[in-house]
Amino acid sequence: MKNVLITGGAGFIGSHLVRHWVKKYPDTRVVNLDKLTYAGNLENLKDVENAPNYVFEKGDIVDEKRVAELFEKYRFDGVIHLAAESHVDRSISNPMEFIRTNIVGTVTLLNAARAAWKDNFDGKLFYHVSTDEVYGSLGKDGFFSETTRYDPRSPYSASKASSDHLVRAYFHTYGLPVVISNCSNNYGGYQFPEKLIPLVINNIRNHKPLPIYGKGENVRDWLFVEDHVSAIDLIFHKGRKGETYNVGGHNEKQNIFLVKLLCSIVDRKLGRPEGEAEKLITYVQDRAGHDLRYAIDSSKLVNELGWKPSVTFEQGMELTVDWYLNHEEWLRNVTSGDYQKYYEKQYKINA
Ligand code: NAD
Ligand code: DAU
């Protein structure tokens, strides 16, 4: 049996990836290492928690001893590293946690992989999951390609950029077999509702203000989370060592367009009068250093590995709204407690 370590498997993308791997590869033991921060939730994995090829290990990727112990116990053939602090707004108010987890945590894993694999790297792979935000902000035109110069502009993206550089350094210096992917904004079920799409759906349902930063003109390139997972699977098995692959679905939308679309879908699905949700739109203070536009050129992944997304943006949005409307209890559970305090501090509006 092969052993694969997935870090951050209780989070949004990680839980989709764990579910996919456990079901698709019954001969691989999937070990999910997660610290269960506010963003990690084992409820996301209820449907696979008893699968014979799934194991959960609670732990912090910065904890050298714990990480070494797991490499010793499971003799991993591969690592897919997703654990991170992932929310830009939180990185603005508390950068240090991002440095700790995203940079120090990544190096801790790289060191553990090197030590465990003893420089015999046959059949081994360290896959680092990263973001398009490392490339900075685009103007009205152009796309991020794999050769775009790094220009991170938030503590979050700077910490992810550092981790990418370190992963590449371990490839060049020690020959550690690595691969990196940089993906655009994901959406789908199980996303923590601090992020725009679940936050807006949840607020519409509860008749709460929909906070739009600045003028709502910023553009993000949206990808359905299961299509990110299919890209990771493909890159893990077919990607060339030492290479980077950009992942994105060519779905660039201004925030205000996206929020209005969500308003109309949710109104329709809840049987509310058309236009009701839009009245909740509230323009609030802009995010500091708010990147204007992201857009991914994923032609390398498409042409070299044959990847293609499975759903259109419109289909993905319908599926996503359905998911949140059908998972009221999940939303209630994750938004209770500490989230309320975060929300009031972040938005300083009638929470
Ligand atoms: P998330 O915040 O939903 O989940 C992160 C997970 O990591 C949580 O389960 C959390 O408990 C765990 N974690 C955090 N710190 C940890 C630590 N020190 N040790 C162990 N576990 C820890 O994040 P996500 O949106 O699923 O993103 C996953 C990865 O994908 C991140 O590396 C992120 O940078 C990258 N990414 C995200 C997106 C996106 O749109 N969400 C896009 C591109 C890349
Ligand atoms: O591009 C990939 C990145 O996408 C990932 O690396 C990050 O982990 C992920 O969080 C996401 O970052 P963004 O900052 O783009 O996502 P967020 O959902 O926070 O914001 C999307 C856009 O919506 C952004 O332009 C800010 C804006 N926004 C966000 C929130 C939370 C609002 O206008 N109001 C809000 O309340």
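When a residue number appears, it is its place in the shown sequence, counting from 1. Atoms considered below: every heavy atom in the structure, side chains included; atoms not considered: hydrogens, waters and symmetry mates. When a ligand or atom number is given, it counts from 1 through the structure's own listing order.
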task: Report yes if the side chains of I212 and V259 come closer than 4.5 Å at any heavy-atom pair, otherwise no.
output: yes
query: Quick one: does Y294 get an N or O within less than 3.5 Å of an N or O on ligand 2?
result: no
message: Regarding ligand 2, does S184 bring an N or O atom to under 3.5 Å of one of the ligand's N or O atoms?
response: no
query: Short question: side chain of T312, backbone of Q315 - any donor-acceptor pair under 3.5 Å?
result: yes
query: When you look for heavy atoms under 4.0 Å from ligand 2, do you find them on the side chain of L196, its backbone, both, or neither?
result: both
task: Could you point out which residue of V129, L305, T244, I80 forms a side chain to side chain contact (heavy atoms under 4.5 Å, CB included) with I235?
output: L305
query: Under the criterion ring pair (Phe, Tyr, Trp, His ring centres under 6.0 Å), which of Y339, W330, Y324 is the partner of F192?
result: Y339
- request: Check each atom of ligand 2 against the heavy atoms of D132 and keep those under 4.0 Å away; list them by number with element.
  value: 1 (O), 2 (C)
Atoms of ligand 2, numbered as shown, that sit under 4.0 Å from any heavy atom of P211: 32 (C), 33 (O), 34 (N), 35 (C), 36 (O)
- request: Would you please indicate yes or no on a ring centroid separation below 6.0 angstrom for H16 and F224?
  value: no
message: To the nearest 0.5 Å, what is the distance between CD1 on I13 and NE2 on H228?
response: 5.5 Å
- prompt: Ignoring hydrogens and geometry, is there a side-chain-to-backbone donor-acceptor pair from D227 to S310 under 3.5 Å?
  reply: yes
- prompt: Going by the order shown, which atoms of ligand 2 are within less than 4.0 Å of some heavy atom of I212?
  reply: 33 (O)
query: What are the atoms of ligand 2, with element, lying closer than 4.0 Å to any heavy atom of H87?
result: 19 (O)
query: Polar-atom distance check: C183 versus ligand 2, any N or O pair below 3.5 Å?
result: no
- line: Residue, atom and distance of the protein heavy atom nearest atom 27 (C) of ligand 2 read N255 ND2, 3.4 Å
message: For L301 versus Y245, what's the shortest heavy-atom pair and its separation?
response: CA-CD2, 4.2 Å
message: As an exercise, identify every atom of ligand 2 less than 4.0 angstrom from a heavy atom of Y156.
response: 5 (C), 6 (O), 7 (C), 8 (O)
query: Looking only at distance, does S86 have an N or O less than 3.5 Å from an N or O of ligand 2?
result: yes
query: Would R287 count as a cation-pi partner of Y213, with NZ or CZ less than 6.0 Å from the six-membered ring centre and within 45° of the ring normal?
result: no
message: Check whether Q254 reaches the backbone of E217 with its side chain - one donor and one acceptor, N or O, closer than 3.5 Å.
response: yes
- prompt: Which atoms of ligand 2 are found less than 4.0 Å from any heavy atom of T131?
  reply: 1 (O), 2 (C), 3 (C), 5 (C), 6 (O)
- request: Any chance you could pull the hydrophobic cluster mates of Y156, using side-chain heavy atoms under 4.5 angstrom and chaining through other members?
  value: V88, I92, F98
field: ligand 2 versus K160: contacting region, heavy-atom distance under 4.0 Å
entry: neither
task: Around atom 36 (O) of ligand 2, find the nearest protein heavy atom and jot down its residue, atom name and distance.
output: Y347 OH, 2.7 Å
query: Does N44 reach the main-chain N or O of F12 with its side chain, forming a donor-acceptor pair under 3.5 Å?
result: no
statement: The answer, listing residues by chain and number that come under 4.0 Å of ligand 1 through any heavy atom, is G8, A10, G11, F12, I13, D34, K35, L36, T37, A39, G40, G59, D60, I61, L82, A83, A84, S86, T101, V129, S130, T131, Y156, K160, C183, S184, N185, N186
- request: May I ask you to identify, for E133, whether its side chain, its backbone, both or neither come under 4.0 Å of ligand 2 on a heavy-atom basis?
  value: side chain
statement: Nearest non-hydrogen protein atom to atom 4 (O) of ligand 2, with distance, is N185 ND2, 3.1 Å
- request: Quick one: look up the protein heavy atom nearest atom 19 (O) of ligand 2 and list residue, atom name and how far away it is.
  value: R287 NH2, 2.9 Å
field: atom 26 (C) of ligand 2 [closest protein heavy-atom partner, distance rounded to 0.1 Å]
entry: H290 NE2, 3.4 Å
query: If you look at every heavy atom in P193 and L331, which pair is closest and at what distance?
result: CG-CD2, 3.9 Å
Identify each donor-acceptor pair in which a side-chain atom of residues 120-127 lies under 3.5 Å from a protein atom, sequence neighbours left out, and give them as a table.
unit_1, atom_1, unit_2, atom_2, d
N120, OD1, D122, N, 3.4
Y127, OH, S181, OG, 2.7

query: Short N/O distance, under 3.5 Å, between E194 and ligand 2?
result: no
task: Could you tell me whether the side chain of N3 and the main chain of Y74 form a donor-acceptor pair under 3.5 Å?
output: yes
statement: for atom 35 (C) of ligand 2, nearest protein heavy atom and its distance come out as Y213 CZ, 3.4 Å
message: Only heavy atoms of K195, strictly under 4.0 Å: list the atoms of ligand 2 that pass.
response: 10 (O), 18 (O)
task: Provide the full list of salt bridge (Lys or Arg N to Asp or Glu O under 4.0 Å) pairs with a residue in residues 172-201, sequence neighbours left out, each pair given once.
output: R90-E194
